[in-house]
Amino acid sequence: MRDAPASSPQTRAVRAGVNCDPGHGAVIAPISVSSAYGRTDPATAQSFDYARTATPGRGLLADAIADLEGASGGVVTSSGMAAIDLALNLVPNEGRIVCAHDAYGGTRRLLDARGAQRGWRLRYVDCTDLAVLAAALEDGADLVLLETPSNPRLRITDIQAACTLARSAGAISVVDNTVLSPALQTPLALGADITVNSVTKMLNGHSDMVGGAVCARDSAHLETLSWWANASGAVAGGFDVFLALRGLRTLALRAKAQSQAALDLAHRLAAHRQVARVDYPGLRAHPGHSLAARQQSAFGCLLSLELQGGADSARSFVRALKLFTLAQSLGGVESLSNIPATMTHAAMSPQAREEAGVSDGLVRLSVGLEDVEDLWADLAAALQAATPRKAG
Ligand code: PLP
């Protein structure tokens, strides 16, 4: 028994894999852990054969994420980095890549290493400035990698305009949608060819698995990506897929509630005398505010800030926080704090961090589902504890 088709992505995500067990009528899809699937005939291929190639559970999760992204299909990988690496198979040797200069530190580390291996010409530029992006694409390119909002400075790139420039230059456009997830932004509808997500973050939302997903608009790209996923084998395991499918059912609610709480806290932080700057696209003063309001359906759970006292105050602040665990992730139901320069973005050189605007004193907060008043009380107390004492 299958569900009737539903028009709302939220309904489809909640119902993904429900009522799909013909054997026993289980309401929730069984966890697929078998590494091999029996054949009736050695010469006749079946839907499932060997788990590196496909499993029912991984297929359900890939279809559910691809559906949210508006893609022709998707591939679920063992991590967000594996998803980005998979997409890089679309670039030939000696190819040309233009990447956002403030993309996640691990993305830049991977691109530098793969680029050296495969003779790519890499350019890291400010993709939020369309004139800069157009100039970088003047000699043509094979792939443009955008990340919007960017992690950790929450800069906003005009997806539609940037993808139009990429297409004119002959490049495939890839958007890292990790910070918002397809619940809040659908880059393929704005002209992107491919999206990548760290499923570890908003999509799963419970910080209990690591995974990734690549979704493609074009079925030819999807075929190449699926071929490489099977050939290289960086695919997700059965338990992780089960957890992510469970997390996905509440994605729409989590994304909305976490965005509301982050907006509320961003306003309060921006008004605090100890805070020098807040990066949150939901604030009117943010340079990408109107663009974000146009291409996103909410502003997301992530915000960054700098304190008046610089790096020393930032360290005292995160040490004093009790409800924001100091840890390297984002998008979970629990709030986290992070100093990107020494944690998530430590893989970047000091020069690359400076270009990307990641100062030693930048603090990144991922806002979870705790009561917002409790979160504010914790932030206000930690700001007080981090205030430098006047000499004398
Ligand atoms: N993309 C972005 C924007 C990220 O923030 C991260 C991880 O923090 C990744 C990709 C990599 O994801 P994973 O840690 O699942 O490999």
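Just so it is clear, the structure is predicted and the values come from calculations on it, not from any experiment. We count ligands from 1, going down the list as the structure has it; atoms in each ligand are counted the same way.
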> Would Asp85 and Arg114 satisfy salt bridge (charged side-chain N to carboxylate O under 4.0 Å, His left out), going step by step from the backbone distance to the final call?
Replying inline: CA-CA 9 Å; Asp85 204 28; Arg114 284 275 186 245; 2.7 Å; yes
> How about Tyr104 and His345: are their ring centres within less than 6.0 Å of each other?
Replying inline: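 That pair passes the under 6.0 Å test.
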>> Run the side-chain contact (heavy atoms from CB on, under 4.5 Å) test against Ala311 and tell me which residues pass, sequence neighbours left out.
In response: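 Counting only residues at least two positions away or on another chain, Ala311 forms a side-chain contact (heavy atoms from CB on, under 4.5 Å) with Arg315, Asp360.
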>> Please determine whether side chain to side chain donor-acceptor pair (under 3.5 Å) holds for the pair Ser259 and Lys256, giving the CA-CA distance in whole Å, both sets of side-chain angles, and the decisive distance to 0.1 Å.
In response: CA-CA 5 Å; Ser259 295; Lys256 197 169 160 192; over 6 Å; no
Put together the list of close N/O pairs, under 3.5 Å, between ligand 1 and the protein, could you?
unit_1, atom_1, unit_2, atom_2, d
ligand 1, 1 (N), Asp176, OD2, 2.7
ligand 1, 5 (O), Asn151, ND2, 2.9
ligand 1, 8 (O), Lys201, NZ, 2.9
ligand 1, 12 (O), Ser198, OG, 3.1
ligand 1, 14 (O), Lys201, NZ, 3.4
ligand 1, 15 (O), Gly80, N, 2.9
ligand 1, 15 (O), Ser198, OG, 2.7
ligand 1, 15 (O), Thr200, OG1, 2.7
ligand 1, 16 (O), Gly80, N, 3.0
ligand 1, 16 (O), Met81, N, 2.9

Extract all donor-acceptor atom pairs below 3.5 Å that involve side chains of residues 230-237 and protein atoms in other chains or at least two apart in sequence.
unit_1, atom_1, unit_2, atom_2, d
Asn230, OD1, Arg52, NH1, 3.3
Asn230, OD1, Thr53, OG1, 2.9
Ser232, OG, Trp228, O, 2.8

> Linking Ile, Leu, Val, Met, Phe, Trp and Tyr by side-chain heavy atoms under 4.5 Å, what else ends up with Phe48?
Replying inline: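 So far as hydrophobic clustering goes, Phe48 is joined with Tyr37.
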